[in-house]
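This chain uses plain numbering: 1 for the first residue, then up along the sequence.
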Amino acid sequence: MDMHTVVVGTSGTTAQDVIAVARGNARVELSAAAVGALAAAREVIEALAAKPEPVYGVSTGFGALASRHISPELRGRLQRNIVRSHAAGMGPRVEREVVRALMFLRLKTVASGHTGVRPQIAQTMADVLNAGITPVVHEYGSLGCSGDLAPLSHCALTLMGEGDAEGPDGVVRPAGELLAAHGITPVELREKEGLALLNGTDGMLGMLVMAIADLQNLYTSADITAALSLEALLGTDKVLAPDLHAIRPHPGQGVSADNMLRVLAGSGLTGHHQDDAPRVQDAYSVRCAPQVNGAGRDTLDHARLVADRELAAAVDNPVVLADGRVESNGNFHGAPVAYVLDFLAIVAADLGSITERRTDRLLDKNRSHGLPPFLADDAGVDSGLMIAQYTQAALVSEMKRLAVPASADSIPSSAMQEDHVSMGWSAARKLRTAVENLARIVAVELYAATRAIELRAAQGLTPAPASLAAVEALRAAGVEGPGPDRFLSPDLAAADAFVRAGKLVAAVEPVTGRLA
C-alpha cells in the first residue's frame with residue numbers, strides 16, 4: 001500500500017488513517033473485501049424491499065413517521081427527500097479537516113457491509129474525497145443522536161450533485177459543477193441508502209480523534225514548559241523523583257514527572273537556592289505539575305480507548321447483520337463519545353489554569369526569586385509581559401466556560417421519538433476551541449519561561465541543556481525576546497505556532513531523548 005493511500009476495509013479504521021485523510025489529503029481506496037461485503041448486504045436489502053411487509057428504513061418513513069409504509073415507486077424519492085429535508089444546518093462553515101474526517105468515517109461504516117448501500121455509493125464517497133471536494137457543512141444542526149444528521153446530510157447532498165461544496169482550489173461552487181469537473185456521476189439513491197448516509201456519530205468522532213492527537217502534543221509541551229518555569233523559579237526537582245510517584249501509581253503522573261526530570265537534567269538552577277533563600281516547598285502550580293498534567297494524560301488515554309472502539313464500530317440504524325437479519329438499534333446515540341469530549345474540555349481547562357498560575361508567578365517580583373518585575377528590561381518604562389499574562393488569563397477564563405458539559409443537556413426532538421439526545425456535536429465543537437486556546441496558553445508560558453531562563457543565564461547561573469535548546473529553537477523560529485519599543489503580539493502568535501506544530505517537543509528531544 002502506498003504511504004499516501006488509505007485502504008478502507010470491513011473492520012474499521014485507525015486514528016492515524018483519519019488524520020491522514022482529514023489533514024494530509026491521503027487517497028482513499030476500498031478493499032476487495034469491502035466491495036464484497038457491500039454487495040452481499042445490498043442483496044439482503046433488495047430482498048426485503050421486494051416483500052410486502054414494511055421494514056424500517058427500507059420501505060417505511062423515518063423517526064416519528066416510521067409507521068407509514070412507502071410504496072416501491074416512491075422509495076427513491078423518499079431517500080432523496082430525507083437528505084434534502086435533513087440538510088438544514090445553519091451558521092458558520094465547519095472546518096475542511098472536520099468535514100473530510102466526517103466523510104471518511106461515514107465511508108468506514110458504509111464499507112463494513114452493515115448498512116446495505118450499493119458498492120457504487122461507497123465508491124462515489126471515496127471519489128469525492130480523492131477529488132478534494134469538501135461539502136459545505138454548517139456549525140449548527142446536530143444533536144448528537146440519530147447521528148450527526150444535518151452535517152452528514154450536507155455531505156450526502158454533495159454525493160447527489162446538490163447543494164454547495166468547496167473545490168480543491170478553495171472556491172465554493174454548486175456541487176453538481178464540481179462533480180462534473182472531476183468526472184464523478186451523482187448518485188441516485190435507492191432503498192435504505194439515504195438513511196445510511198446520515199445515521200452516524202462520525203462528525204463528533206472525527207473531532208475527538210483530532211483533539212486527542214493535538215492534546216497529546218500539548219500535554220508533552222506543557223510538561224516541558226512546566227519544567228522551564230520550575231527551573232526559572234529556582235524550584236527543586238526533588239519532587240520529580242520516580243520513587244515519590246511510584247507510591248501514587250497513576251500512569252500519567254509518572255510520565256509527566258519523568259518528562260520534567262529529563263528536561264531539567266544538568267540544570268545549575270534547581271535546588272541550590274535553598275541555602276540562600278530557604279523555601280520549605282514550592283507553590284502548588286510548580287510542585288504539583290505532574291499530578292495535574294498526569295491526570296489529564298490519564299483522561300486522554302481513556303478518551304483514546306473510547307475513540308478506538310468507535311473507530312472499529314459500524315454505526316447505523318437499522319443494520320444488516322451477518323446472518324441476514326435487518327435490525328433496528330440505538331447504536332447511533334452519541335453518549336460514549338460526548339462524555340469523553342466533555343472530559344477532555346475539563347482537563348484542558350485545568351491544565352490551562354495551572355499553566356497561567358506559573359506564568360503569573362514568573363512575572364511577580366515578590367514570588368519570582370530575583371527576576372525583574374514582569375520580566376521587563378526596564379520596569380516602569382517597559383511593562384514587559386504584564387499584558388501577555390492578561391491575555392493568558394482571558395483565555396483561561398474562556399476555557400472554564402468551555403468546560404461546562406454539553407452532554408449533561410438534552411432537548412427532545414422528532415415529536416418525542418428522539419426524546420433523549422447526547423449533544424455530542426456541541427461537545428466536540430467547544431473542545432476544538434478549548435484545544436486552540438490551550439495551545440495559546442502554553443505558548444505564553446513558554447515565552448515567559450524562556451525569557452526568564454535567559455535572565456538567569458545572565459545572572460551567571462547555568463540552565464539545563466534542554467532548556468537552552470528550547471530557547472535557541474524558539475529564537476531560531478523568529479520569536480524574539482521582549483524588549484523596549486516592541487509589541488508582543490507577533491511573537492506570541494509565533495510561539496503559539498511553534499507549540500502547535502510540535503516544534504517545542506522536537507527542540508528538546510535531541511537532548512532528553514524521546515518524551516512521552
Side-chain angles (χ1 to χ4, degrees), residues 91-92 95 139-140 207 211 214-215 217-219 221-223 225-226 228-229 233 283-289 291-297 299-300 303 338-364 366-368 373-375 383-409 423 425-449 451-452 482 487-500:
E95 303 86 354
E139 179 83 13
Y140 304 106
M207 287 185 274
D214 293 340
L215 286 169
N217 166 53
L218 290 177
Y219 269 94
S221 298
D223 288 342
T225 60
L228 296 178
S229 291
L233 290 166
Y284 284 10
S285 60
V286 177
R287 183 171 19 129
C288 301
Q291 286 76 11
V292 174
N293 293 19
R297 284 178 171 276
T299 305
L300 194 61
Y339 295 161
V340 293
L341 289 163
D342 280 333
F343 296 165
L344 292 179
I346 291 169
V347 297
D350 199 38
L351 178 58
S353 180
I354 196 171
T355 299
E356 182 275 330
R357 287 292 81 204
R358 288 191 297 268
T359 304
D360 180 66
R361 186 166 287 271
L362 287 167
L363 305 189
D364 184 353
N366 296 311
R367 294 179 291 145
S368 66
F374 304 106
L375 304 178
S383 294
L385 303 190
M386 179 191 294
I387 308 304
Q389 184 268 331
Y390 277 40
T391 299
Q392 194 185 39
L395 288 164
V396 170
S397 183
E398 174 72 4
M399 293 281 280
K400 293 174 182 177
R401 291 189 289 273
L402 293 167
V404 176
S407 58
D409 188 24
M423 296 298 179
W425 174 272
S426 298
R429 296 306 296 165
K430 68 184 182 66
L431 178 60
R432 279 184 70 82
T433 303
V435 170
E436 290 180 359
N437 286 352
L438 180 60
R440 297 179 179 115
I441 291 165
V442 172
V444 174
E445 182 181 27
L446 173 64
Y447 192 81
R451 164 68 170 164
F487 60 100
L488 297 182
S489 186
D491 278 343
L492 295 176
D496 174 35
F498 185 82
V499 168
R500 202 181 296 269

Any non-hydrogen side-chain atom of [X] less than 4.5 Å from a side-chain atom of [Y]?
| X | Y | answer |
| --- | --- | --- |
| Ile346 | Asp350 | no |
| Leu492 | Thr391 | no |
| Thr355 | Gln392 | yes |
| Leu431 | Met207 | no |
| Leu215 | Leu438 | yes |
| Asn437 | Leu402 | yes |
| Glu398 | Leu395 | no |
| Ile354 | Arg358 | yes |

Using every non-hydrogen atom in the two residues, find where [X] and [Y] come nearest and quote the distance to one decimal.
| X | Y | result |
| --- | --- | --- |
| Asn217 | Val499 | ND2-O, 3.0 Å |
| Leu488 | Gly384 | CD1-O, 3.6 Å |
| Ser368 | Leu233 | CA-CD2, 3.8 Å |
| Val444 | Ala388 | CG1-O, 3.8 Å |
| Ser353 | Val396 | CA-CG1, 3.9 Å |
| Ala289 | Ala226 | CB-CB, 4.0 Å |

Working to the nearest 0.5 Å, report the span between [atom1] of [X] and [atom2] of [Y].
| X | Y | atom1 | atom2 | result |
| --- | --- | --- | --- | --- |
| Tyr447 | Leu375 | OH | CG | 10.0 Å |
| Asp214 | Ser221 | CG | OG | 10.5 Å |
| Asp496 | Asp491 | CG | CG | 12.5 Å |
| Met399 | Leu351 | CE | CG | 7.5 Å |

Quick one: do [X] and [Y] make a salt bridge, cutoff under 4.0 Å?
| X | Y | answer |
| --- | --- | --- |
| Asp223 | Arg297 | yes |
| Arg357 | Asp360 | yes |
| Lys430 | Asp342 | yes |

Expected output: side-chain [X] to main-chain [Y] donor-acceptor under 3.5 Å:
| X | Y | answer |
| --- | --- | --- |
| Ser397 | Ala393 | no |
| Trp425 | Tyr140 | no |
| Ser229 | Thr225 | yes |

### Message
Go through it in stages, so that I can follow the logic: the residues are Arg429 and Thr433, the test is side-chain hydrogen bond (donor to acceptor under 3.5 Å, both in side chains), and I'd like the CA-CA distance, side-chain angles, deciding distance and then a yes or no.
### Response
CA-CA 7 Å; Arg429 296 306 296 165; Thr433 303; over 6 Å; no
### Criterion side chain to side chain contact (heavy atoms under 4.5 Å, CB included) on Leu300 and Val347, from CA distance to verdict
CA-CA 9 Å; Leu300 194 61; Val347 297; over 6 Å; no
